[in-house]
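Working notes, beginning with the structure itself.
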Amino acid sequence: MKPTLPKGTRDLGPDQVDRRQHIFGVIREAFVRRGYRPLETPAMESLDTLTGKYGEEGDQLLFKILNNGDYLAKADPAALESRDSALLTRSIAKRGLRYDLTVPFARYVAMNQHLLSFPFKRYQIQPVWRADRPQKGRYQEFFQCDADVIGSSSLMYEAELIRVYDEVFHALGIPVEIRINHRRLLQGLARICRLESHWQTLTTAMDKADKIGWDGVQAELIRHGLPAELVDRAIRLLQSSPSGARDADLAADPDGAAGLSELAEIRTYLGSAPLHNRLVDDLTLARGLSYYTGAILEVKATEVAMGSLGGGGRYADLTGLFGLPGMSGVGISFGADRIYDVMEEQRLFPASALHRLQVLVLCLDAEGHAESYRLTESLRASGIIADLYPEAAKLQKMMKYADSIGAGHVLIIGEEERASGLYTLRHMAEGIQQKLDLKGIIHALTAPTNC
RNA sequence: GUGGUUAUAGCUCAGUUGGUUAGAGCGUCGGAUUGUGGUUCCGAAGGUCGUCGGUUCGAGCCCGAUUAGCCACCCCA
């Protein structure tokens with residue numbers, strides 16, 4: 001048979017895994033240093049846990065897992081007869097693959113509330129699955145790196161998580177723009193323009209402003225049947241200067257005022273130290289409105305056309321659906337696969353991300369093989385990534401192998417070297433070699449420039 | 001879920017209005033070179049042209065379906 005990968009999935013080779021681990025490492029470090037603790041949850045969740053949490057669209061994108069056994073015999077006869085897939089699903093699939101990390105986290109918190117102390121800060125780096133149509137930067141299986149803090153409504157945490165975004169993308173070398181908005185600003189906007197009843201339509205349309213332009217937004221809103229004069233008013237307000245008329249208008253509305261004051265407080269926390277990246281107030285940002293209740297965050301690369309690299313926000317009551325009401329939380333997510341793609345495109349991965357062989361030992365004759373093996377073990381014991389070519393072969397062949405696997409050095413051991421105790425260490429990239437004893441080799445390979 | 005587009009050697013791609021035995025570059029393997037890779041030269045292997053069906057005397061090329069990639073919607077990381 002011809003081997004294939006399922007749609008929207010991919011293999012990662014050794015260099016790719018090394019590079020992804022580098023990304024995870026930078027993110028994890030930023031989380032850990034702020035007291036976030038790791039959490040892992042199962043790839044599959046009960047379908048009851050997942051459905052209804054991501055809106056109607058989200059439910060369609062859930063991967064369902066067929067029940068084991070004779071599932072059709074136990075299927076709902078009415079649903080089977082009517083060929084109603086949505087109805088049938090309930091009787092033939094009781095589990096699904098997780099769609100994000102936030103809902104499993106909420107489930108975990110609700111189930112383990114007696115064990116947890118609040119505020120509880122956790123991070124989670126695991127794959128999630130969505131039955132979406134694949135595209136550039138969009139996969140059916142992809143990794144998310146989430147950090148959430150639950151059980152406190154302090155805006156300190158919004159600032160903390162913005163700082164994490166800033167720090168991580170700076171450390172990875174990706175220039176980004178961090179956008180921030182507030183749900184209550186959007187509510188205020190809608191009320192001021194008397195478009196409360198069209199809130200959803202208004203926000204999803206204006207979110208596309210940078211893509212389809214303001215004319216496009218206006219056209220879309222009018223197509224949806226919103227009164228033209230109110231649409232004009234909304235767009236004028238959105239385009240007006242934040243420091244001038246816009247915020248004055250918003251401040252006149254109770255929700256708008258609350259949103260403005262929260263954003264100002266977050267900025268006060270951030271004022272203690274400058275950010276590497278721009279933090280932009282963006283009134284058009286309207287993501288995750290089915291669950292975010294406070295601040296809304298999004299990160300976009302400024303130098304590459306790629307969807308968002310991360311998103312987050314405040315949710316007033318995440319665990320309420322699981323029987324634990326009144327728990328306010330705030331969280332962010334990194335899209336590891338998109339970050340990877342951006343870094344690949346921009347060649348941002350440092351050589352140190354790759355854990356390739358530092359030295360490959362080449363023994364020229366069978367007699368010296370055992371001694372070469374012991375020497376290789378000594379190098380490994382000194383923390384050097386080392387391996388021994390498994391048999392005495394033509395030097396040319398062994399050199400080609402060393403070159404193709406990207407070994408930093410080769411150590412050549414022949415009769416002459418064994419007699420003198422001075423081995424030939426060759427630096428592959430530079431093509432220079434020197435004769436050194438074991439101590440000298442270890443020194444050369446553990447010096448900072450050769451790591 | 002909707003629309004567009006692509007699929008030929010391991011990779012990137014050529015392949016004439018449908019016509020005999022489908023090509024190139026790169027890569028791979030062997031040799032030139034029995035203690036020196038990445039550069040050079042010589043040689044070789046490698047294809048049911050994504051899959052299934054149809055039209056035709058004849059299909060890599062035309063038609064239909066299907067699978068996968070890419071792009072744009074929708075939504076999202």
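Here is how names work: the chains are called A, B, and so on, in the same order as the sequence lines, proteins then strands, and each is numbered from 1.
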* How close or far is atom P of G35(B) from atom CD of Glu416(A), stated in whole angstroms? -> 12 Å
* To do: Determine the contact category for Gln433(A): base if any of its heavy atoms lies under 4.0 Å from a base atom, sugar-phosphate if only primed atoms, P, OP1 or OP2 are that close, otherwise nothing.
  => base
* Over how many whole Å does the gap from Gln140(A) atom CD to C76(B) atom C1' extend? -> 13 Å
* Quick one: the side chain of Arg133(A) and the base of C76(B), do they pair up donor-acceptor inside 3.5 Å? -> no
* Looking across every strand, which nucleic acid part, if any, lies under 4.0 Å from Gly8(A) by heavy atom: base, sugar-phosphate, or nothing? -> sugar-phosphate
* With respect to the side chain of Arg426(A), which nucleotide from A77(B), G35(B), G38(B) is positioned closest? -> G38(B)
* Would you kindly check whether a donor in the side chain of Glu430(A) faces an acceptor in the base of G38(B), or vice versa, at under 3.5 angstrom? => no
* Starting at CZ of Arg418(A), measure out to CG of Leu364(A) and round the result to the nearest 0.5 Å. => 8.5 Å
* To do: Give the rounded distance in Å between these two atoms: CE of Met398(A) and P of U36(B).
  => 11 Å
* Asked: Do Phe105(A) and Tyr123(A) have ring centroids that are under 6.0 Å from one another?
  -> no
* What is the nucleic acid contact for Gly431(A), judged by heavy atoms within less than 4.0 Å: base, sugar-phosphate only, or nothing? -> base
* With a 4.0 Å cut-off on heavy atoms, is Tyr139(A) in touch with a base, just the backbone sugar-phosphate, or nothing at all? -> base
* C1' spacing across the pair A9(B) / G54(B), given as an integer number of angstrom -> 28 Å
* Taking the side chain from His198(A) and the backbone from Leu221(A), do they hold a donor-acceptor pair closer than 3.5 Å? -> no
* **Of Pro6(A) and Arg138(A), the one whose closest RNA chain B nucleotide lies more 5'** => Pro6(A)
* Asked: How far apart are the C-alpha atoms of Lys121(A) and Asp148(A), what are their side-chain angles, what is the distance that settles it, and do they pass the salt bridge (charged side-chain N to carboxylate O under 4.0 Å, His left out) test?
  -> CA-CA 6 Å; Lys121(A) 304 169 85 172; Asp148(A) 292 81; over 6 Å; no
* Which part of the nucleic acid does Thr424(A) contact within heavy-atom distance under 4.0 Å: base, sugar-phosphate only, or nothing? -> base
* Can Phe142(A) be classed as stacking with the base of A77(B), given a centroid separation cut-off of 5.5 Å and a plane angle cut-off of 30°? -> yes
* Is it true that the NZ or CZ of Arg314(A) lies under 6.0 Å from the centre of Tyr292(A)'s six-membered ring and within 45 degrees of the ring axis? -> no
* To do: Please check if the distance between the ring centroids of Tyr99(A) and Tyr54(A) is under 6.0 Å.
  => yes
* Report which part of the nucleic acid Gln396(A) touches: base, sugar-phosphate, or nothing (heavy-atom distance under 4.0 Å, all strands). => base
* To do: Counting heavy atoms from C-beta on, name the nucleotide in A77(B), G35(B), G37(B) closest to the side chain of Arg338(A).
  => A77(B)
* **Side chain of Glu57(A) - closest among C75(B), C76(B), G35(B)** => C75(B)
* What integer number of Å spans the P atoms of G27(B) and G19(B)? -> 33 Å
* Using 30° and 60° as the class limits, which term best fits the ring planes of Phe143(A) and Phe24(A): parallel, tilted or perpendicular? -> tilted
* **Distance, rounded to the nearest Å, where His224(A) contributes NE2 and C74(B) contributes C1'** => 11 Å
* **Geometric class of the Phe349(A)/His22(A) ring pair [parallel <30°, tilted 30-60°, perpendicular >60°]** => perpendicular
* To do: Ignoring hydrogens and angles, state whether a donor on the side chain of Gln218(A) or Asp232(A) is under 3.5 Å from an acceptor on the partner side chain.
  => yes
* Asked: When rounded to the nearest Å, what value does the distance between P atoms of U66(B) and G30(B) take?
  -> 46 Å
* **Length of the CG-P vector between Asp11(A) and A68(B), whole Å** => 16 Å
* **Sugar-phosphate, base or nothing in reach of Gln135(A), heavy atoms under 4.0 Å** => base
* **Distance-only donor-acceptor check, side chains Tyr36(A) and Glu160(A), under 3.5 Å** => yes
* Asked: Which whole number of Å gives the distance between the C1' atom of C11(B) and that of G3(B)?
  -> 31 Å
* To do: Remember a base hit wins even if backbone is also touched, and classify Asp337(A) as base, sugar-phosphate or nothing at under 4.0 Å, heavy atoms.
  => nothing
* **C29(B) OP1/OP2 closer than 4.0 Å to side-chain N/O of Lys397(A)** => no
* Asked: Could you give the CD-to-C1' distance, from Glu220(A) to C75(B), as a whole number of Å?
  -> 13 Å
* Rounded to the nearest Å, what distance is computed from the NZ atom of residue Lys7(A) to the P atom of nucleotide G50(B)? -> 20 Å
* Would you indicate what Ser308(A) reaches in the nucleic acid, counting non-hydrogen atoms under 4.0 angstrom: base, sugar-phosphate, or nothing? => sugar-phosphate
* Have a look at Ala429(A) and say if it touches a base, only the backbone sugar-phosphate, or nothing, with a 4.0 Å heavy-atom cut-off. => base
* To do: Treating a pair as Watson-Crick (purine N1 to pyrimidine N3 plus N6-O4 or O6-N4) or G-U wobble (N1-O2 and O6-N3) with both distances under 3.5 Å, list the stems of 3 or more consecutive pairs that involve RNA chain B.
  => B:1-7 with B:67-73, B:10-13 with B:23-26, B:28-32 with B:40-44, B:50-54 with B:62-66
* Euclidean distance for P, U5(B) against G64(B) (whole angstrom) -> 11 Å
* Asked: Under 4.0 Å between a side-chain N or O of Lys208(A) and OP1 or OP2 of C75(B)?
  -> yes
* Asked: Reckon Leu362(A) touches a base, only the sugar-phosphate, or nothing at all at heavy-atom distances under 4.0 Å?
  -> nothing
* Could you work out the separation of C29(B) and C70(B) based on their P atoms and round it to a whole Å? => 30 Å
* To do: Could you please name the option among U34(B), C75(B), C70(B) that lies closest to any side-chain atom of Thr204(A)?
  => C75(B)
* **Nearest-angstrom distance, C1' atom, C13(B) to A22(B)** => 14 Å
* Could you measure between the two C1' atoms, the one in U6(B) and the one in C49(B), and give it in whole Å? => 14 Å
* **Polar side-chain contact Asp403(A)-G37(B) base: donor and acceptor under 3.5 Å** => yes
* **Any side-chain donor near an acceptor of the partner, Tyr139(A) and Asp341(A), under 3.5 Å** => yes
* How many Å lie between CG on Leu425(A) and P on G35(B), as a whole number? -> 20 Å
